[in-house]
Amino acid sequence: MPKPPSPRSAYGFGWPGNRRIAIVALALAVLLVIAAGAAFLTGRGEQHPDHPTPTSSSSPPAPASDRPAKTGSVPKPPRTAEPVAYAKAAAKMLWSYDTRNTSRSQQLDGMQAWMTGEAKYADWTSVSGQVPDPVLWSRMADQDQHATGTAAEGHFPSTFKQALADDPSAITQAYVYVVTVNGKQKIAWKKHGGGAEDRAITLAVQCRPHHDCSLAAIAPRVAP
């Protein structure tokens, strides 16, 4: 019997740096000013050549309850306007899955329900890229592989805080906040196999006034 995928390879974490998505750079440039954005995501200029330019939209994000989705074991997004709280919930969701009762398409549908409805700031590729390809998901399902994530701490990276201090009005265009979350992922499979690893992730979270937060993107590297 083949050995189940390792916790790191099993769920797309540590994906290659060349999968850098242009929309994250755009959002951060709007929020953090060009210099701060460059400091936060060094090397963002290497855009993925196959990634299309997203369509602009100025409409506010649709409430999560208005986005029907077959979520399987993926939880619904929380109703909160607090960026760090939402980012911690999103990280926990991204670090959790259950191939025993959730198909790959259900996993993706459930994750998409967390996304902002503003196409200009939504980088679905960076989020969906966390899910293994169909072949690997099938192998994981054969082993009843499942994982549970916990988010111990979340904070605004120092470059983001400095950029806001330098220009507090910059946030008012997109209302996208950069949050780094630290936590742990516990993974298990058949015959009592399993393990645990520390996790860290940097997310772009949109929290417009009078709207619940939503997920905009996942950065390709963790910002301290």
Side-chain angles (χ1 to χ4, degrees), residues 1-17 19 21 64-65 67-80 84-116 122-155 179-205 212-222:
M1 181 177 295
K3 181 181 178 181
S6 68
R8 179 168 295 276
S9 65
Y11 206 52
F13 299 107
W15 43 285
R19 298 181 66 178
I21 310 304
S65 59
R67 303 175 198 164
K70 298 178 181 179
T71 62
S73 64
V74 183
K76 293 182 179 180
R79 305 297 298 267
T80 179
V84 173
Y86 190 90
K88 290 174 67 175
K92 181 179 178 180
M93 177 274 294
L94 291 166
W95 294 333
S96 303
Y97 60 89
D98 194 337
T99 65
R100 298 171 299 180
N101 54 33
T102 305
S103 68
R104 182 176 182 274
S105 60
Q106 286 178 318
Q107 186 75 20
L108 289 169
D109 285 343
M111 292 166 64
Q112 195 164 38
W114 289 66
M115 296 294 294
T116 176
D123 179 11
W124 172 237
T125 302
S126 70
V127 177
S128 62
Q130 301 292 301
V131 179
D133 63 54
V135 173
L136 180 53
W137 187 272
S138 178
R139 288 179 56 199
M140 292 162 57
D142 290 342
Q143 297 298 324
D144 292 341
Q145 192 160 313
H146 52 285
T148 302
T150 56
E153 178 272 341
H155 64 273
V179 183
T180 293
V181 180
N182 294 286
K184 186 178 290 291
Q185 183 190 45
K186 294 182 179 179
I187 191 171
W189 52 82
K190 284 181 178 179
K191 297 183 179 180
H192 308 292
E197 286 190 0
D198 292 333
R199 295 292 185 201
I201 193 170
T202 296
L203 308 172
V205 175
D212 293 325
C213 294
S214 55
L215 181 60
I218 298 175
R221 62 188 59 166
V222 177

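Shown here are the side chain to side chain contact (heavy atoms under 4.5 Å, CB included) partners of S103, two or more places apart in sequence or in another chain: S105, Q106. Partners of K186 according to the salt bridge (charged side-chain N to carboxylate O under 4.0 Å, His left out) rule, which considers only residues two or more places apart in sequence or in another chain, do not exist here. With sequence neighbours excluded, the residues that form a side chain to side chain contact (heavy atoms under 4.5 Å, CB included) with A151 are K88, V181. Residues satisfying the side chain to side chain donor-acceptor pair (under 3.5 Å) criterion with S73, sequence neighbours excluded, are T102. Listed by chain and residue number, M93, W114 satisfy the side chain to side chain contact (heavy atoms under 4.5 Å, CB included) test with P75 (two or more places apart in sequence, or in another chain). Applying the side chain to side chain donor-acceptor pair (under 3.5 Å) rule to N182 yields the partners E153; only residues at least two apart in sequence or on another chain are considered. The side chain to side chain donor-acceptor pair (under 3.5 Å) search around K184 returns D198, not counting sequence neighbours. Residues satisfying the side chain to side chain contact (heavy atoms under 4.5 Å, CB included) criterion with A85, sequence neighbours excluded, are T80, E82.
The closest donor-acceptor contact from the side chain of R104 to the backbone of P132 lies under 3.5 Å. Put simply, the side chain of S96 gets close to the backbone of G149: a donor and an acceptor are under 3.5 Å apart. At least one donor-acceptor pair under 3.5 Å links the side chain of K190 to the backbone N or O of D142.
Here the straight-line distance linking atom CG of L203 with atom OG1 of T180 works out to 8.0 Å at 0.5 Å rounding. Distance check, rounded to the nearest 0.5 Å: CG of D123 to CE of M115 gives 6.5 Å. Atom CH2 of residue W124 and atom CE of residue M111 lie 5.0 Å apart, to the nearest 0.5 angstrom. Rounding to the nearest 0.5 Å places CE of M140 at 6.0 Å from CD1 of I187. Note that CG of D144 is 10.0 Å distant from CG of N101, once rounded to the nearest 0.5 Å. Taking CD from Q107 and CG from L94, the interatomic distance works out to 9.0 Å, rounded to the nearest 0.5 Å.
The minimum heavy-atom distance linking V74 with G110 is given by the pair CG1-C, 3.6 Å. Nearest heavy-atom pair, S126 versus A217, reported as atom, atom and distance to 0.1 Å: OG-CA, 3.6 Å. Taking both residues in full, the closest heavy atoms of A200 and V222 are given as O-CG2, 3.4 Å, listed atom of the first, atom of the second, then distance. Residues T99 and A141 share a closest heavy-atom pair of OG1-CA, 3.3 Å. Residues I201 and A91 approach most closely at CG2-CB, 3.9 Å, considering heavy atoms.
Residues Y97 and Q185 are in side-chain contact: their nearest non-hydrogen atoms beyond the backbone lie under 4.5 Å apart. Between Y86 and L215, the closest side-chain pair of non-hydrogen atoms falls below 4.5 Å.
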